[in-house]
Amino acid sequence: MPEISIVIPCRNEAANLPLLLDEIGAAMAGRDFEVIVVDDGSTDETAAVLAAEAALRPFPLRHLRHRKSAGQSLSVRSGAWAARGGIVVTIDGDGQNDPGYIPVLVDALRQAGPAFGAAQGQRLKRRDSKIKQLASRFANWLRNAILHDETRDTGCGLKAIHTDILRKLPFFDGTHRFVPALVIQEGFRVVHCDVVDRSRRHGKSNYGIFDRGLQGALDLGGVWWLRRRRRGMPKVEEIRHG
């Protein structure tokens, strides 16, 4: 079984996947890992590209497909439940996340110890438009003010999470933006790693600023309610007698 499962949620990213897989292979040289591409209802050549790439790669390359698009968070869920590694690393399929930071996140999570459930990437030198950057800054400020997750940037696709913890998280269309708060709710801490953002190579984003803003506000209210109504998870210890 691989030690690390790299999950790539993507929709219509056929042009970006080959180079991304090249970079992952180089970054993970000498490590035991698999790559799971979750094809979220793509209508481009993603299936053909992955069939060709699977025959070329020295590492396991798995292709999961949603018949219709379910969103990034549910794509991560599909990858998490298919993962064979003890740590799941998520990375966006558009090439904006640099795979060179995957080992950084994994090592930071391992070195942090058992009290930590996740390593969250935090982007520097954002390549998005100024409008997107300002919207993201406001959203992150508001989220941190309400949830107190002590995370500057939860929208970064680069995350490393212990697989068993990831599978416990509630999944909804937006979970991926609240991973630190949800991991903290499970009784674990989060370590943060700065990563440098890159420009998208091909295609365009499948999500708009205003769609994400409205949905994010609704999700924030839902996560706040969930945390208010759910007690902190107790540490369970079995006492053996005899």
Side-chain angles (χ1 to χ4, degrees), residues 1-11 13 17 20-21 23-42 46-47 49-51 53-54 57-67 69-94 97-112 114 116-121 154 156-180 182-188 190-191 193 195 233:
M1 292 294 180
E3 295 179 358
I4 303 160
S5 295
I6 300 172
V7 173
I8 308 174
C10 69
R11 182 171 181 266
E13 299 289 2
L17 286 171
L20 182 61
L21 293 170
E23 293 179 323
I24 289 173
M28 298 297 289
R31 298 189 184 231
D32 188 11
F33 71 101
E34 65 176 355
V35 175
I36 303 172
V37 177
V38 183
D39 172 6
D40 188 34
S42 295
T46 293
V49 167
L50 289 176
E53 292 293 327
R57 300 294 168 178
F59 51 82
L61 175 58
R62 302 166 62 192
H63 178 191
L64 305 184
R65 175 171 170 77
H66 293 166
R67 290 187 178 181
S69 179
Q72 185 171 348
S73 291
L74 295 182
S75 297
V76 170
R77 179 186 184 276
S78 296
W81 281 101
R84 296 177 295 186
I87 293 176
V88 167
V89 177
T90 64
I91 183 171
D92 291 344
D94 59 11
N97 298 151
D98 185 346
Y101 290 101
I102 295 177
V104 175
L105 289 168
V106 170
D107 292 345
L109 180 56
R110 286 174 169 166
Q111 292 168 10
F116 287 76
Q120 169 71 54
T154 63
C156 179
L158 278 166
K159 299 174 174 68
I161 313 159
H162 290 295
T163 305
D164 58 338
I165 297 173
L166 179 58
R167 290 174 177 171
K168 293 176 183 178
L169 303 186
F171 278 92
F172 50 89
D173 191 11
T175 296
H176 64 284
R177 299 188 188 96
F178 297 95
V179 166
L182 295 171
V183 167
I184 291 170
Q185 180 177 280
E186 291 295 327
F188 297 91
V190 177
V191 62
C193 300
V195 303
M233 297 305 292

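Shortest non-hydrogen contact noted between I161 and A118 is CG1-CB, 4.0 Å. Pairing each heavy atom of T163 with each of A80, the nearest pair is CG2-O, 4.0 Å. Between G121 and C156 the shortest heavy-atom distance is O-CB, 3.2 Å. The two atoms that bring G93 and E13 nearest to each other are O-CB, 3.7 Å, heavy atoms only. Across L158 and D98, no two heavy atoms sit closer than the pair CD1-O, 3.9 Å. When all heavy atoms are compared, the tightest approach of F171 to L166 is CE1-O, 3.4 Å.
Checking side-chain atoms of S5 against main-chain N and O of G85 turns up a donor-acceptor pair under 3.5 Å. Using a distance-only test at 3.5 Å, with no hydrogens or angles considered, a donor-acceptor pair links the side chain of T90 to the main chain of G157. At least one donor-acceptor pair under 3.5 Å links the side chain of S73 to the backbone N or O of G174. A donor-acceptor contact shorter than 3.5 Å is absent between the side chain of T46 and the backbone of S42. Formation of a donor-acceptor pair under 3.5 Å by the R77 side chain with backbone atoms of R167 is not found in this model. No donor-acceptor pair under 3.5 Å is formed between the side chain of K159 and the backbone N or O of V88.
Residues T175 and P170 have side chains not in contact (no heavy-atom distance under 4.5 Å, counting atoms from C-beta outward). Side-chain contact between P99 and L20 is present, with heavy atoms from C-beta onward closer than 4.5 Å. With a 4.5 Å cut-off on side-chain heavy atoms, W81 and L64 do not count as touching. Between I6 and I24 there is a side-chain heavy-atom pair separated by less than 4.5 Å. Contact annotation: the side chain of L17 approaches that of L50 to within less than 4.5 Å [non-hydrogen atoms, C-beta and beyond]. Looking at Q72 and D92, their side chains come closer than 4.5 Å, going by heavy atoms from C-beta outward. Within the 4.5 Å cutoff, side-chain heavy atoms of L21 are placed close to those of V35. In this structure, V104 and V106 have side chains that are not in contact, with every pair of non-hydrogen atoms separated by 4.5 Å or more.
Atom NE2 in H162 sits 9.0 Å away from atom CZ in R110 (nearest 0.5 Å). For the atom pair CD of E23 and CD1 of I102, the computed distance is 9.5 Å after rounding to the nearest 0.5 Å.
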- Given side chain to side chain contact (heavy atoms under 4.5 Å, CB included), test D40 with C10 step by step and report yes or no. CA-CA 6 Å; D40 188 34; C10 69; over 6 Å; no

- side chain to side chain contact (heavy atoms under 4.5 Å, CB included) evaluation trace for I4 with D32: CA-CA 7 Å; I4 303 160; D32 188 11; over 6 Å; no

- List the steps and the verdict of side chain to side chain contact (heavy atoms under 4.5 Å, CB included) for V38 and V7. CA-CA 7 Å; V38 183; V7 173; 4.1 Å; yes

- Message: With side chain to side chain contact (heavy atoms under 4.5 Å, CB included) as the criterion, how do V190 and I184 come out once you've worked through the C-alpha distance, each side chain's angles and the decisive distance to 0.1 Å?
- Response: CA-CA 7 Å; V190 177; I184 291 170; 4.2 Å; yes

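Neither side chain, H66 nor D39, offers a donor N or O lying under 3.5 Å from an acceptor on the other.
Taking the centre of each ring, F33 and F59 come in below the 6.0 Å mark.
A salt bridge does not link R84 to E3: none of the charged side-chain nitrogens sits closer than 4.0 Å to a carboxylate oxygen.
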